[in-house]
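The next block holds one structure in the form of structure tokens; read it before the comments.
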Amino acid sequence: MIDFTQSQLERYSRHILLDNVGVEGQQKLLNSKVMIIGAGGLGAPAAMYCAAAGIGRIGIVDADVVEVSNLQRQIIHFTADVGSSKVSSAKEKMEAINPDVEVESIKTFVNASNIEEIIDGYDFVIDGTDSFATKFLINDACVMKGIPFSHGGILRFNGQTMTVLPKQSACYRCVFHKPPPKNMIPTCSEAGVLGAVAGMLGTIQAAEALKFITGAGDILADALMTFDALPMNFRKVALRRNPKCAVCSENPSITELRDEEQQVCDLR
């Protein structure tokens with residue numbers, strides 16, 4: 001049990017007032033660990049809201065440095081951060097908004113050889129990447145290690161997200177099976193993305209993490225939520241586990257992690 005200081009009671013008062021969160025829920029948040037893979041358009045708002053909410057330990061991993069073109073949507077980075085590593089920039093902002101939070105920053109590319117070590121010990125993972133190959137890797141690693149995670153993807157004015165409870169709900173590979181052929185789906189440099197759409201989707205992913213940890217409400221397990229910000233339409237589609245899924249079925253064909261061919265945004 002955590003003995004809240006007066007400052008903490010004030011900081012988290014709006015959580016504590018919620019019937020579905022309260023003191024017990026806030027204690028769960030302060031005792032929890034969330035890993036955010038990607039400090040870009042999705043990871044930036046997710047990281048800020050997880051830190052503000054009092055997630056006790058937040059990991060953030062990204063190999064890139066901040067570029068001017070990032071600033072249109074990656075709100076955790078400021079103009080003065082251009083040229084700095086994204087994880088150091090993100091760590092600085094998270095610790096500034098909430099000194100209760102311990103931030104583990106990891107500057108590296110996530111791949112099959114290091115992802116298990118990166119996510120080990122965390123209660124929940126947020127996928128904030130822009131690579132199909134990495135999304136499938138995150139799914140497979142989280143399923144194999146039994147760690148729940150939130151998938152998210154954005155393009156142009158659209159977003160999609162689902163939450164995976166390993167071996168309980170449909171996983172990303174149940175729905176999408178394998179990465180699309182190279183050059184079939186446009187990258188962000190080819191198609192663009194409305195900056196606020198990244199904020200909308202990353203914030204939903206943070207909410208999924210907070211709800212999972214506190215037990216409040218229903219998470220997006222066995223459901224794919226999509227939205228189109230142009231008409232501002234949201235849609236939720238029911239999913240079910242694929243009994244022949246290559247990774248989460250009773251007899252999986254994928255039993256070892258592997259790196260798929262990468263296709264990422266190439267705008268510099």
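Residues take their numbers from the sequence shown, with the count starting at 1.
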Measuring only between side-chain heavy atoms, which start at C-beta, is M200 closer than 4.5 Å to F227? yes

Identify the heavy atoms of S89 and D81 that sit nearest to each other, and give their distance. OG-OD2, 3.3 Å

Search all heavy atoms of I119 against all heavy atoms of I147 and return the closest pair with its distance. O-CD1, 3.4 Å

Report yes or no: do T163 and E208 form a side-chain donor-acceptor pair below 3.5 Å? yes

Does S85 offer a backbone N or O that forms a donor-acceptor pair with the side chain of S88 under 3.5 Å? yes

With a 4.5 Å limit on heavy-atom distance, are the side chains of R156 and V197 in contact? no

Verdict with supporting geometry, C245 and C171, side-chain contact (heavy atoms from CB on, under 4.5 Å): CA-CA 9 Å; C245 177; C171 79; 3.6 Å; yes

Do R57 and V101 come close enough that some side-chain heavy atom pair is under 4.5 Å? no

Nearest heavy atoms of V103 and E95, plus distance in Å: CG2-CG, 3.9 Å

Of all heavy-atom pairs linking S169 and A221, the shortest is CB-CB, 3.9 Å

Non-hydrogen atoms of A47 and I58 that approach each other most closely: O-CD1, 4.4 Å

ring-ring contact (aromatic ring centres under 6.0 Å, His included) between F124 and F149, intermediate numbers included: CA-CA 5 Å; F124 194 89; F149 77 97; 8.0 Å; no

When you measure from the side chain of T214 to the backbone N and O of L210, does any donor-acceptor pair fall under 3.5 Å? yes

Give a yes-or-no answer on whether the side chains of Q205 and H151 include a donor-acceptor pair shorter than 3.5 Å. no

Would you mind reporting whether L165 and F212 have side-chain heavy atoms less than 4.5 Å apart? yes

Go through M144 and L257 one step at a time and tell me if the side-chain contact (heavy atoms from CB on, under 4.5 Å) criterion holds. CA-CA 9 Å; M144 290 179 187; L257 297 175; 3.7 Å; yes

For Y12 and H15, take the angle between the two ring planes, folded into 0 to 90°, and tell me which bin it lands in: parallel under 30, tilted 30 to 60, perpendicular over 60. parallel

Pick from D140, D130, D127: which one makes a side chain to side chain donor-acceptor pair (under 3.5 Å) with K135? D127

Please lay out, stage by stage, how I213 and V34 fare under the test side-chain contact (heavy atoms from CB on, under 4.5 Å). CA-CA 10 Å; I213 291 164; V34 172; 3.7 Å; yes

Side chains of P99 and R11, heavy atoms from C-beta outward: is any pair under 4.5 Å? yes

Closest non-hydrogen atoms of D259 and A112, given as atom of the first, atom of the second and distance, are OD1-N, 2.9 Å

Taking the side chain as every heavy atom from C-beta outward, state whether Q26 and L30 have any pair of such atoms under 4.5 Å apart. yes

Taking the side chain as every heavy atom from C-beta outward, state whether V66 and L71 have any atom pair closer than 4.5 Å. yes

Donor-acceptor pair, N114 side chain versus N111 backbone, under 3.5 Å? yes

K93 to F78, cation-pi by 6.0 Å centre distance and 45° axis angle: yes

Derivation and outcome, salt bridge (charged side-chain N to carboxylate O under 4.0 Å, His left out), residues E260 and R258: CA-CA 6 Å; E260 307 276 3; R258 65 191 187 197; 3.5 Å; yes

Taking atom OH of Y122 as the centre, does the number of heavy atoms from other residues, nucleotides or ligands within less than 6.0 Å exceed 12? yes

Over 12 non-hydrogen atoms of neighbours within 6.0 angstrom of CG in N233: yes

Residues F132, F136; criterion ring-ring contact (aromatic ring centres under 6.0 Å, His included); working and verdict: CA-CA 6 Å; F132 285 109; F136 278 92; 7.4 Å; no

Got V237 and T226 here, is their nearest side-chain heavy-atom distance under 4.5 Å? no

Lys/Arg N to Asp/Glu carboxylate O, D62 vs K107, below 4.0 Å: no

Take D120 and K145, measure what salt bridge (charged side-chain N to carboxylate O under 4.0 Å, His left out) needs, and give me the verdict at the end. CA-CA 8 Å; D120 186 50; K145 290 187 70 68; 3.4 Å; yes

State yes or no: do I204 and I154 share one hydrophobic cluster built from I, L, V, M, F, W and Y residues joined by side-chain heavy-atom distances below 4.5 Å, directly or via other members? yes

Strictly below 4.0 Å, N to O, side chains only: are K86 and E92 in salt-bridge contact? no

